[in-house]
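Okay, structure first, notes after.
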There are 2 protein chains.
Amino acid sequence: MESVFEVIAEPNRRAILSLLAGSQQSVGEIERSLRMPQPAVSKHLRVLRDAGFVESTVDAQRRLYRLKPGPFQEFDEWLAQFRRFWSAHIDALERHLEKMDEPTPRKKIVKNAKAKKGEGK
Amino acid sequence: MESVFEVIAEPNRRAILSLLAGSQQSVGEIERSLRMPQPAVSKHLRVLRDAGFVESTVDAQRRLYRLKPGPFQEFDEWLAQFRRFWSAHIDALERHLEKMDEPTPRKKIVKNAKAKKGEGK
DNA sequence: TTCTTATATACGCGTGTCGGCATATACGTG
DNA sequence: CACGTATATGCCGACACGCGTATATAAGAA
């Protein structure tokens, strides 16, 4: 589990992060909110902490977990290289660049294909 | 492979996406650029297409793959719930000033703006 | 101390997924 | 037609991950 992408691939971890986005929570609170066995919560928190998503402070026997910004920034930076693409996707400039950038122009250009649209599996 | 998060958890798939962020590419071009066996490329492209990350058009025997914006928007929306939180360290200053909006602009507002490096453990 | 609460860790199991290889399909050329 | 190119798919082995259960550690209460 090295990359932030693998860490957030897990639905339960994303749920924990969303929960913590509201406010810091103890392990028990997360456990009850998400109805998830406590060892599972602890283990996911361990992964999240190792990846820098969260940090914990001690309150008696409890551990309060809260978010840390680092990995989210990292994710956002990765997304940046595509943001130009999808935000200005209708832009004419985009099409122009696409055409100019076409690597190996064969005889004909596109033939309009439609890949089948089977979503979900 | 149902969620878009699982799809981008794979490093090779992210490499393909980054490549396509530049311009559309054929399978063979991806194969050579990333030095990845062709079946691997096709398999990853299949996953990416099923998840809506890419679409393909037919050019003779080639398939040209290009990005689609959908999933990236989805990431951005997911990130939105945290953006406010982590961007706080970057431009919270402005936000903060906006909020506090003191009637005394003469006061010094900036203390130590940045300096958020290294968390205690 | 002993008991209870709160959290972390260890162990084993099942399953999904990735990589490699072989093969199938599709298109173009001679 | 046969052949080469371009891409897709099927099969299989290996391995990592998440889950459940049991147990360990730690702190407070009695």
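All of these numbers come straight from a predicted model, not from anything done at the bench. Here is the naming used below: chain letters follow the sequence lines, and residue numbers restart at 1 for every chain.
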Less than 3.5 Å apart, which donor and acceptor atoms pair up between the side chains of residues 35-44 of chain B and the rest of the protein, not counting sequence neighbours?
| residue | atom | partner | partner atom | Å |
| --- | --- | --- | --- | --- |
| B:Q38 | NE2 | B:S42 | OG | 3.0 |
| B:H44 | ND1 | B:R13 | NH1 | 3.2 |

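When the P atom of C:dT17 is taken as reference, atom CG of B:L48 falls 14 Å away, rounded to whole Å. Regarding A:H44, its NE2 atom lies at a distance of 6 Å from the P atom of D:dG18, rounded to whole Å. Atom CD of A:E31 is separated from atom P of C:dA6 by 9 Å (rounded to the nearest Å). We find that CG of B:L64 is positioned 19 Å from P of C:dA26, with the value rounded to whole Å. Taking atom CG on A:D59 and atom P on C:dA6, their separation rounds to 11 Å, with Å as the unit. If you take CD of B:E2 and C1' of D:dG18, they are 14 Å apart, rounded to a whole angstrom.
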Name the pairs: protein N/O against N/O of nucleotides 28-30 of chain D, kept only if under 3.5 Å.
| residue | atom | partner | partner atom | Å |
| --- | --- | --- | --- | --- |
| D:dG28 | O4' | A:Q61 | NE2 | 3.4 |

Using a cutoff of under 3.5 Å, can you pull out all pairs of nitrogen or oxygen atoms linking the protein to nucleotides 8-10 of chain C, with atom names and distances?
| residue | atom | partner | partner atom | Å |
| --- | --- | --- | --- | --- |
| C:dA8 | OP1 | A:Y65 | OH | 2.4 |
| C:dA8 | OP2 | A:S42 | OG | 2.7 |
| C:dA8 | N7 | A:Q38 | NE2 | 2.7 |
| C:dA8 | N6 | A:Q38 | OE1 | 3.4 |
| C:dT9 | OP2 | A:R46 | NE | 3.4 |

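Of all the heavy atoms in B:V54 and B:L67, the pair that sits closest is CG1-CD2, 4.1 Å. The two atoms that bring B:L19 and B:S33 nearest to each other are CD2-CB, 3.7 Å, heavy atoms only. A pairwise comparison of heavy atoms in B:M1 and B:V7 identifies CG-CG2, 3.7 Å as the closest pair. The shortest heavy-atom contact between B:G52 and B:K68 is O-CB, 3.4 Å.
An end-to-end axis angle of 10° holds for the helix from C:dT1-D:dA30 to C:dG30-D:dC1, taken from five base pairs per end and rounded to 10°.
By the 4.5 Å heavy-atom criterion applied to side chains, B:Y65 and B:I16 are not counted as neighbours. Residues B:I30 and B:L20 form a side-chain contact, since some pair of their non-hydrogen atoms from C-beta on lies under 4.5 Å apart. Looking at heavy atoms from C-beta onward, A:F82 lies out of side-chain contact with B:F75 at the 4.5 angstrom threshold. Looking at heavy atoms from C-beta onward, A:F53 lies in side-chain contact with A:V4 at the 4.5 angstrom threshold. Annotation: side chain of A:L34 is not in contact with side chain of A:N12 (no heavy-atom distance under 4.5 Å).
Judged by distance alone, with hydrogens and angles left aside, the side-chain atoms of B:R14 form a donor-acceptor pair with the main-chain N or O of B:A9 at under 3.5 Å.
Near DNA chain C, meaning a heavy atom under 4.0 Å from it, residues 3-25 of chain A has no residue at all.
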For the pair A:F72 and A:L17, evaluate side chain to side chain contact (heavy atoms under 4.5 Å, CB included) and give the outcome as yes or no after the intermediate values. CA-CA 11 Å; A:F72 297 102; A:L17 291 176; 4.2 Å; yes

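Every residue meeting the side chain to side chain donor-acceptor pair (under 3.5 Å) condition with A:Q81, not counting sequence neighbours, appears here in chain and number order: B:S18.
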